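Being a predicted model, the structure only gives us computed values, none of them experimental. First the proteins, then the strands, lettered A, B, ... as listed; each starts at 1.
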Amino acid sequence: MGIISPGFRGRPRSPGPQLPPGQYLTEDFPVLSAGPTPRIPLETWEFSITTEAGTAYTWSWPELTALPAQTPTVDLHCVTKWSKLGTGWRGVSLDTLLGDVETAADFAMARSYGGYTTNLPLADLLDGKAWIVYEYDGEPLHPEHGGPARLLVPHLYLWKSAKWIRGIQLLLDDVPGFWETAGYHEYGDPWREQRYQGD
Amino acid sequence: MSARLVWRVARLTAIRDETATARTLVLTVPDWPGHLAGQHVDVRLTAEDGYSTQRSYSIASAADGETVELTVQQVPDGEVSPYLGEVLSIGDPVELRGPVGGYFAWRPESTAPVLLIAGGSGIVPLMAMIRARRAAGSRVPFRLIYSVRTPHDIYYADELRMRARDDAGLDVAYAFTRAVPDGWPSPPRRLGVAEVNTHGWPADFEPECFICGPTGFVETVADILVALGHDPQRVRTERFGPSGA
């Protein structure tokens with residue numbers, strides 16, 4: 001616990017939902033991006049998983065959206081301190097996409113249209129923990145929030161849920177992505193408050 | 001792998017009112033490691049019952065020893081900004097850690113022309129860049145386009161007037177969205193492609209562009225810059241909520 005801030009009381013606390021340390025609740029859906037929002041036509045959009053051996057598995061937009069979809073309802077935790085609870089999505093589980101992929105990799109690098117990257121252990125994309133989502137709240141995913149499709153890995157801080165996802169590269173060794181290179185934590189568990197390197 | 005960012009106990013040493021609803025906190029931070037213009041800090045407040053909350057604030061000042069300045073806009077019904085803006089008094093402690101973020105940052109050794117576009121309180125990290133340019137004696141050409149609602153909402157108004165006069169190579173242009181000063185040549189309007197084209201740099205100058213403001217503003221301006229031919233990789237953005245700060 002930190003030092004007491006004289007005269008600070010904070011918002012009235014009701015026995016509401018438990019949030020990760022340092023987070024506050026928002027009803028809005030703020031946007032965090034490092035650059036302009038890319039606009040990707042669905043006709044040319046594609047998503048690939050590339051193995052450490054260089055084998056690529058690629059889905060066009062019609063192919064992705066024809067796969068069995070799930071509708072996860074999840075809590076979001078952004079490293080900029082806001083949390084948003086009970087958000088509803090539609091998309092394809094990474095278990096489905098990785099099902100036929102032969103790999104010995106332990107790590108993954110998500111790559112986005114626009115050049116963004118973020119790294120995470122492959123295990124964090126499996127077992128019902130991650131999706132490629134293309135609908136939010138019953139509507140096509142807006143470009144501001146990562147449309148046409150983004151990665152959703154809600155158990156990690158939201159920068160791991162790469163917007164405008166273009167591909168996932170499977171790797172034998174861990175390599176830092178965009179924010180991880182800029183001083184953010186390599187793993188990013190909100191419940192352990194892993195915001196920055198060394199947390 | 002760097003060392004953990006530690007929480008430091010800063011003390012409020014001075015206050016400057018910027019507008020009717022924004023004030024600058026001048027903090028003294030022991031062992032502050034210095035920062036780049038554009039970086040931010042996390043501020044942590046803790047109540048007597050142990051409840052604790054954090055927010056991020058852009059740094060307004062250029063690196064200057066143990067002094068760190070934050071400009072805090074009052075958010076109606078906010079949890080943290082009313083405390084920082086009205087309760088925190090000279091001599092009071094406040095916890096912060098940083099600096100954080102190295103992407104939305106201007107480095108004095110950079111030689112590319114710079115275009116800064118601010119919406120409202122988004123001026124704060126961009127002002128740090130203007131101040132860092134001055135502090136470094138840089139002659140890199142800077143242009144600032146600053147969109148505000150009314151003339152009364154301009155942060156750092158006197159200093160910007162002075163720097164636009166004295167800092168060679170710094171141009172400052174304003175856009176007013178609700179009310180214009182007396183004698184202003186056009187009615188209030190949102191910043192559009194005409195203003196960005198007139199007061200910005202041509203894309204073939206390959207400027208570094210920094211845009212900071214509310215989400216809708218940043219989206220609009222970033223789209224304009226890309227449409228005008230700027231490489232998206234040279235357009236850096238920082239978006240503010242709406243997030244109840």
Okay, side chain of [X], backbone of [Y]: is any donor-acceptor separation there less than 3.5 Å?
X         : Y        : answer
Arg239(B) : Ser33(A) : yes
Glu79(B)  : Arg11(A) : yes
Ser5(A)   : Thr46(B) : yes

Output the option from [options] having the highest count of non-hydrogen pairs under 4.5 Å with chain A.
options                                    : value
Arg97(B), His230(B), Glu238(B)             : Arg97(B)
Val87(B), Val221(B), Leu88(B), Asp223(B)   : Asp223(B)
Cys209(B), Gly102(B), Ser89(B), Ser56(B)   : Ser56(B)
Val226(B), Val218(B), Leu45(B)             : Leu45(B)
Arg236(B), Gln233(B), Arg234(B), Glu219(B) : Glu219(B)

Please classify the contact of [X] with chain A as side chain, backbone, both or neither, using a heavy-atom distance under 4.5 Å.
X         : answer
Tyr83(B)  : side chain
Val100(B) : side chain
Val235(B) : both
His40(B)  : side chain
Ser52(B)  : neither

More than 12 non-hydrogen atoms from neighbouring residues, nucleotides or ligands closer than 6.0 Å to [atom1] on [X], yes or no?
X         : atom1 : answer
Glu102(A) : CD    : no
Asp100(A) : CG    : no
Arg149(B) : CZ    : no

In terms of side-chain heavy atoms, does Glu144(A) have a donor or acceptor partner in Thr215(B) at a distance below 3.5 Å?
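Checked: Glu144(A)/Thr215(B) side chains show no N/O donor-acceptor pair below 3.5 Å.
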Among the options Gly7(A), Ala34(A), Pro21(A), pick out the one with the most heavy-atom pairs lying under 4.5 Å from chain B.
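The candidate making the most pairs under 4.5 Å is Ala34(A).
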Out of Glu27(A), Arg39(A), Lys84(A), Gln23(A), which one racks up the most heavy-atom pairs below 4.5 Å with chain B?
Arg39(A)
Does the Lys NZ or Arg CZ of Arg55(B) fall within the cation-pi geometry relative to Tyr24(A) - under 6.0 Å from the ring centre and within 45° of the axis?
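Relative to the ring axis of Tyr24(A), which defines the angle, Arg55(B) lies inside both limits.
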Output the distance between atom [atom1] ([X]) and atom [atom2] ([Y]), rounded to the nearest 0.5 Å.
X         : Y         : atom1 : atom2 : result
Asp42(B)  : Lys81(A)  : CG    : NZ    : 3.0 Å
Glu48(B)  : Arg9(A)   : CD    : CZ    : 9.5 Å
Trp179(A) : Tyr103(B) : CH2   : OH    : 8.0 Å
Asp92(B)  : Phe8(A)   : CG    : CZ    : 13.5 Å

Shortest non-hydrogen separation from Pro36(A) to Pro232(B) and the atoms involved:
CD-O, 3.6 Å
Determine the minimum heavy-atom distance between Ile3(A) and Pro93(B), stating which atoms define it.
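For Ile3(A) and Pro93(B), the tightest heavy-atom pair comes out as CD1-CB, 3.6 Å.
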